Amino acid sequence: MTESVLIFWIFGLAILFGGALVAFTRNMIYAASGLFLSLFAIAGIFILSGADFLGIVQIIVYIGGVLILLLFGVMLTRKTTGDTLPPGSFRLPLGIGMSILLAVCMILVILPGNYEANPETGIPVLDDGTTSGIGVQMLTQYLLPFELVSFLLLTTLVGAAWLARRKPAQPRNLLTSDSDSPIKP
Amino acid sequence: MEEASIPYLGLLAGGIAFGGIATYALAGVYAERKVSAFIQDRLGPMETGPKGLFQTAADILKLLMKEHIVPSAADKILFAIAPLLVFLSVFAGFSAIPFAPGLVTAPLNAGLLFVLAIISIEVVGILMAGWGSNNKYALIGAVRSVSQIISYEIPAALALLSAIVMTGTLDLQIIGMQQDGEWGLLHWNAIRYPHLIPAFLIYFTAILAETNRAPFDLPEAESELIAGFHTEYSGFRFALFMLAEYANMLLLSILAVLVFFGAWHSPIPDIPGMPDLSGHSVLIWISGAGWLLGKSLFLVILMMWIRWTLPRVRPDQLMVICWKYLVPVGLGLIFISAIWQLVRIYT
């Protein structure tokens, strides 16, 4: 067993442990920490498989973005301790059904794929996944989806800014200079 | 790839890096106390050793021997993990830094992106520390710190992006090698492409905020928040937070030198009287790492100088500086870079 296989197993177990923590803990912050472990280990497996760009983007988007937002939301809306999720099997049949459906879909996609093992590491490798290759592909063959996604993100950004803006009825605006502060000398 | 096949070499490099960072942090704390003293016309530490040189060593010994105090209401697990996570995220960033041509533990072809990604994990550790302490000052400090860091990551990334458009690669080694040449200083990115000088200023402002240093030290505003997210920490765990802060200052400064200021190249290419190093790879490594670290440490001293010169900004000013000035100017610089490259292609 080479080192990379050992590292693969470490990351794999970390993903499972993190996932189990998310599913079984009643503490929201522990669940978020489990999610952090899972997402980070997935990035590790991406990098181990040679898809370094994908792994790095996984860290930036999921840990630097989604997870932080989640933690922020939890911390600002919940009490710091003693606040746990309600016990009980919440929509259990639906959850089991969805899980089985998801598992079947993933098996159907993953099994027929053609995987060639990397001769150096013995780990199946799908693609080189180098940064410049992805960049060229995005701006040539996949230009339209790329532009559509960027347009969607821009719309979201404008929408978020509009929602966070104060209503015109209240002239006070925190983002402008202090000259229009409500506290006049 | 030869280095990667020897598994223990990575561990050895990690050990050397840890020792180096710890020594640098000791010297950094001493330098900060001296810099602040000189700016305020004081002497600073003078008692322990000549000119007070052993003061920080004595301080760290005291810190290591202190009792681990965990508040009874704190979340024990998160409280213990948080300082480790904060330090490890910064420490991992050093793995992708090339100190000289070939002297790098993880030669990633997206190294720059990797460093930016891995240090963003620090934010998770800060939130864990603030929440796990179960203390209102710690929590407010953590929330301030995180909102500041994730806001200022954007102008920092935009400034680096405007340089990346010019270099055409994310590989830190190639970025370093591109700045080689017989004219020395004139081949540095910030000199070759003058619009990168404002890009560097944006980046430098942003890293002051990302390392929670004055004038952006609102998360640790003593008069309001005691010590921010690490209020409840003592002993070794507190030392880890300090280590992470100083290591982060160095890491982000090294990144600035790699991208903007000629990486490991000396400003004057052939100093008369200097021996010819070609062929001696170890000597090239030592001289390259020396130049890189020397330039980076100058930036670190500059950060200390600014800390003791400028007053702290208000939260609203913090956000105005980021979103109304740094981000639009950063976008403009990327536009200039893009036009520069277009002109270069079509002429």
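FYI, side chains are in, hydrogens and waters are out, and symmetry mates aren't considered; it's all heavy atoms of this structure. Since the structure is predicted, the reported quantities are computational estimates derived from the model, not experimental observations. We name chains A, B, ... by the order of the sequence lines, and we start the count at 1 in each one.
Of the residues listed (Ile63(A), Leu67(A), Ile68(A), Leu71(A)), the one engaging Val123(B) in a side chain to side chain contact (heavy atoms under 4.5 Å, CB included) is Ile68(A), and it is the only one.
Proximity to chain A is absent for every atom of Thr169(B), based on heavy atoms less than 4.5 angstrom apart. Using a 4.5 Å cut-off between heavy atoms, Leu85(B) contacts chain A through its side chain alone, with no backbone atom that close. Heavy atoms closer than 4.5 Å to chain A are found in the side chain of Ile150(B), but not in its backbone.
For OH of Tyr30(A), the number of neighbouring non-hydrogen atoms (other residues, nucleotides, ligands) closer than 6.0 Å is greater than 12. Environment of CZ in Phe40(A): sparse, with no more than 12 heavy atoms of neighbouring residues, nucleotides or ligands closer than 6.0 Å.
Scanning all heavy atoms of the two residues, the minimum distance from Ala117(B) to Ile60(A) falls at CB-CG1, 3.4 Å. For the pair Gly64(A) and Ser120(B), the tightest heavy-atom approach, listed with the atom from each and the gap, is CA-OG, 4.1 Å.
Annotation: maximal heavy-atom pairing with chain A below 4.5 Å, among Leu170(B), Asp171(B), Leu78(B), occurs at Leu78(B).
Distance check: Ser33(A) OG to Ile81(B) CD1 gives 6.5 Å after rounding to the nearest 0.5 Å.
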